[in-house]
Structures are given as structure tokens and as C-alpha cells.
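Here the structure comes first, spelled out in C-alpha cells, and everything after it is commentary.
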2 protein chains.
Amino acid sequence: MPRNELPIVTRLSPEGRARFDRAAKAHCFPAGQVAIVKGEAITGAYIVETGRLRVFSLSKEGCEATLYTIAPGETCVLAINSLFSAVPYPGHVVAEETTRILYVPGETWRALFRTESEIQNLTLKALSVAVMRLMHELESLHGRSVRNRLADLLIARRAADGSVRMTQAKIAAELGTAREVVARCLVDWSQRGIVECHRGLIRIIDPAYFSSNASLCEPTAMMPALD
Amino acid sequence: MPRNELPIVTRLSPEGRARFDRAAKAHCFPAGQVAIVKGEAITGAYIVETGRLRVFSLSKEGCEATLYTIAPGETCVLAINSLFSAVPYPGHVVAEETTRILYVPGETWRALFRTESEIQNLTLKALSVAVMRLMHELESLHGRSVRNRLADLLIARRAADGSVRMTQAKIAAELGTAREVVARCLVDWSQRGIVECHRGLIRIIDPAYFSSNASLCEPTAMMPALD
DNA sequence: CGCGCACTGTAACTTTGGTTACAGAACTTC
DNA sequence: GAAGTTCTGTAACCAAAGTTACAGTGCGCG
């Protein structure tokens, strides 16, 4: 999603847009790079143009837990959060792929928030979506087995051809479980012809099998436009 | 917190306040009453004056999971969420104690949001606090044992004298676990002189024992004033 | 082409926590 | 104060998933 197509840019008032353009800076994170470390002070908001950022928490024991990911066109709520409240950033952020972002200094964002309804909307929407996703995640985390959550992840991350390019280790880290547990499920499913496993690649053969657990596949779908 | 002391009321502009007063309605839920059922459409925001509302999700299997509680002076984010986005309310709400609320129609809230910075702040703050709490909850849910989460709950809910007036069944429901598991922990702790158990009452004898896990005791503490 | 590395497959074991089942204690109400 | 209800205490059992340990396999690179 190139800069000039971002709704946030196109829907601003002319003055707002000028101000936005003056202040916003593009930045690019290579795949795998750590963007923010937990506790870091945040000085601005950022909007993902291309790629994907992953936000996760890391307990002392090194156990990772993905909170959610930020797709193109979305902003990081936590940053917005920190922006309006001076709380340090409560999670780690890493670029999952090569990711281009647009950085907007906090000062600019806050100023635009007071007058630009598009910025108000985007801010509210980002927070609302985050609340929804976190609730969903929370709900799934104690009501559902690792199996179910793995199924969700595969469905949510599959490409058009039904393939998911992730190693089992990465998947396990995202789900906050052990690689062996992921392997157990995948072996079981592949024996039953539901998926095919290759090195760094899982292909979903029978998506219908997972359909009962379908959820969060289209995160934006549960969040109609504001206003 | 009586109506005239609510910051949201006192800090409005005179016109805003007049509008607010015209539209806001007081309502009272007796203890245990269901306030909102999941999926219900929301027509307004509400602010808790006294008492406490509990928001939880309920899976098909009847497994309950407390998402968070709303204390006096706070508003329900989910309602605000629904208010600005027309998503149905994603959880159940029940009054834990007799709870007085102030109901503000969505129309009024949205109108005030455009002009009253206090309403903007309250809205943002409510959403931000919710995001923080949910993240915290999420983090604790997979990184930590039931023991730890129970310790957190006891610390967070204790009265000034260290007593917690809840039945084990209620605690278990909040933690999304079984009563027996709660009993196991409590028996263990009471044998070691850390707590005392009575019917409907747990007294914390040695709070220092829990101090290492202290967290979320003062949820508002992590959310400094906006602006 | 073969060496090493990163990833996957597999098994046995342990821990945690949910389930079932019931006994007894405390409060409530008639 | 007897009966019923609600809450707590306890034990045995079971399932899910985390842990440990290692064997096999595809892949890249020299």
C-alpha cells in the first residue's frame, strides 16, 4: 500500500495533509530486525505501508507470546497508546518481513487528532481493533486447545494457494508453545491428508476441515468503518 | 463516586455539561444482575458510579473467562467500542455488586466527542487502559501458572485489612479454572501460614509472600493522565 | 559431492490442571 | 433445632501439553 493510497493520507484536509507530509518520514526495517524493545519510550506513531510487524511479549523465562501483528494500512496501537499517555511501550516489535513504515512524530499526531476527524477515526479504530483482537486472543487462549489455535493460525496466514511459509519453530513461538507440540498436530493432520508438510512450508489440502474454527481470518472484517 | 464528583462531569464546558445532564440517565443494577448479553446492540456508553461490573466471555462449553472489571469512575470500553463502530457487544456483563451507573446515549457521546476534549480523553483513556489490561491478562495467561494468577487476583482484590470476600467458586470462574484447583492452592498456602480461609472470605496473612508477583494491583497507576 | 546446519519426526517422561466424586462444615430458613 | 442449601476440603484419576533427548532429512555452500 503506497503512501498516496493510504486512506489516512488521502482523507485529510488540505492543511492537515500538508502538515502530515511535512512531518511524516518513511523508514524501512529489513526482515527480522527488532523495531522496538519493550520499555522503550515512544516518540511517534507509525503506519505500516508494506510488510508486517509482529508485536509480542517476552517473559523473564524467555517464553514468547505474540500479541498480534500489524498489516499494511494499520497502525500500531501500542504506539498510539504510549503517544497519548506517556506509558512506555509494553511489548517488543520485530519486522517479520521487510517492512516499510511511515513514521509520524507524536507532536504532529496529537495536533492532528484535535482537528482532523480522519485521525480521530484512525486512532479510535486502531484502539478498537486492538481491543477486539486481544479479547479474541484471550478468549481463544484458555477456552481452546493448541490444536485449535494452530488451525486458526494456518488459516489466517495461508497464501492464496493455501500454503503457509513458516517453520514449525516460528509457529510454535507465535502460539507460545513448544515446537514438538506443533509437530505432533501437523503429523497427525498430514497423516489424515488435511495438510502437507515440507521444509519451511505447510500446505493446506483440505481447508474445509478447519472451517469450523474459522475466526480472525479477516481481522478488519469485524471492524466496520467508523462514522 | 457521586455524579457531581465524576471528573467527566465536572470538567465539561458549560454547554457540554448541560447537554450531558439533559441526556444522561442514572440506572441501578442489583448485585448479580446481567447487564448486557453478548451480541446485544449497544445504544449508549455508561459510567460506573458505585459498585463493580464484570465483563466476561462465555464459550459454548460454558467455560467462563473474565476479561476485566469496571470500577467506579470508569467506563466500559466495549460499549464505547461498539458505540463508535456498530459492532455488537463482544462479551457479557454482570453486576458483581449492586452497581449504579450513568447511562449516556450514543448520540450524545459522539456529539460530545467532537468538541469536548474531556470526552476525547476519557474515550482514549478507557480504550488504552483496556488494551493495557488485556495485554497484561494475555501475558499472564500463558506465561504463568494458575497459582500465580490466583496470587495476583488476591492481591488485586484485597480490602485494606487484607481480606478478600469471594467464594472459591467465584474466584475459579474469574480465573477460568476449576474450583478444585483454587482450593488446592489455598489449602497449600494456608498450611504454610500465608493465607487463612473461611467461608466466603480469604485473609492474606503474609502479603510479602506474594510481592514478587505484584502486578495490576493499581490498574490506573499504569495509565497517567492524558494531555 | 560431501559437510554442516537448520529443520522435521518421534518417543518417553513429567507437570499441570481439569474431572469426578464425595464428605463435612457453615450458614439460612422455616 | 432440623432440614436444606451453599461452600469448602480431599482424593483419585485423566488428558493436554511442556520437556528432554535424539534420529533423520533436505538444503546450501564450499
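First the proteins, then the strands, lettered A, B, ... as listed; each starts at 1.
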query = Does a distance-only test, which skips hydrogens and angles, find a donor-acceptor pair under 3.5 Å between the side chain of Arg179(A) and the base of dG18(D)?
reply =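 No, the side chain and the base share no sub-3.5 Å donor-acceptor pair.
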Check: dA11(C) base within 3.5 Å donor-acceptor of Glu180(A) side chain =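 Answer no: no donor N or O sits under 3.5 Å from an acceptor.
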inquiry  = Between Glu96(A) and Arg157(A), does any side-chain N to carboxylate O distance fall below 4.0 Å?
reply    = yes
task = For the pair Arg149(B) and Glu174(B), find out whether any cationic side-chain nitrogen is under 4.0 Å from an anionic carboxylate oxygen.
result = no
query = Start at the 5' end of DNA chain C and walk down; is the nucleotide closest to Ala183(A) or to Arg199(A) reached first?
reply = Arg199(A)
query = Of Val146(B) and Leu201(A), whose nearest nucleotide on DNA chain C comes first from the 5' end?
reply =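 Result: Leu201(A).
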task = Specify the residue among Ser145(A) and Val187(B) whose closest nucleotide of DNA chain D lies further upstream toward the 5′ end.
result =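 Nearest nucleotide further toward 5': that of Val187(B).
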task = Among Lys170(B), Arg184(B), Gln168(B), find the residue that satisfies the side chain to side chain contact (heavy atoms under 4.5 Å, CB included) test when tested with Arg179(B).
result = Gln168(B)
message = Quick one, His92(A) with Phe56(A), criterion ring pair (Phe, Tyr, Trp, His ring centres under 6.0 Å). Give me CA distance, side-chain angles, the key distance, then yes/no.
response = CA-CA 5 Å; His92(A) 302 265; Phe56(A) 61 97; 5.4 Å; yes
Return the value, rounded to whole Å, for the distance between atom [atom1] of [X] and atom [atom2] of [N].
{"X": "Leu150(A)", "N": "dA16(D)", "atom1": "CG", "atom2": "P", "result": "16 Å"}
{"X": "Arg149(B)", "N": "dG17(C)", "atom1": "CZ", "atom2": "P", "result": "9 Å"}
{"X": "Met166(B)", "N": "dT6(D)", "atom1": "CE", "atom2": "P", "result": "18 Å"}
{"X": "Ile171(B)", "N": "dC7(D)", "atom1": "CD1", "atom2": "P", "result": "12 Å"}
{"X": "Asn148(B)", "N": "dT16(C)", "atom1": "CG", "atom2": "C1'", "result": "13 Å"}
{"X": "Ile202(B)", "N": "dC7(D)", "atom1": "CD1", "atom2": "P", "result": "13 Å"}
{"X": "Leu186(A)", "N": "dT8(C)", "atom1": "CG", "atom2": "C1'", "result": "10 Å"}
{"X": "Arg184(A)", "N": "dA11(C)", "atom1": "CZ", "atom2": "C1'", "result": "10 Å"}

inquiry  = In terms of relative ring orientation, are Trp189(A) and Phe210(A) parallel, tilted or perpendicular, with 30° and 60° separating the classes?
reply    =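 If you compare the ring of Trp189(A) with that of Phe210(A), the planes turn out perpendicular.
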task = Using only side-chain N and O atoms of Gln168(A), determine if any of them is under 4.0 Å from OP1 or OP2 of dA6(C).
result =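 Answer no for this pair, as no side-chain N or O of Gln168(A) is under 4.0 Å from OP1 or OP2.
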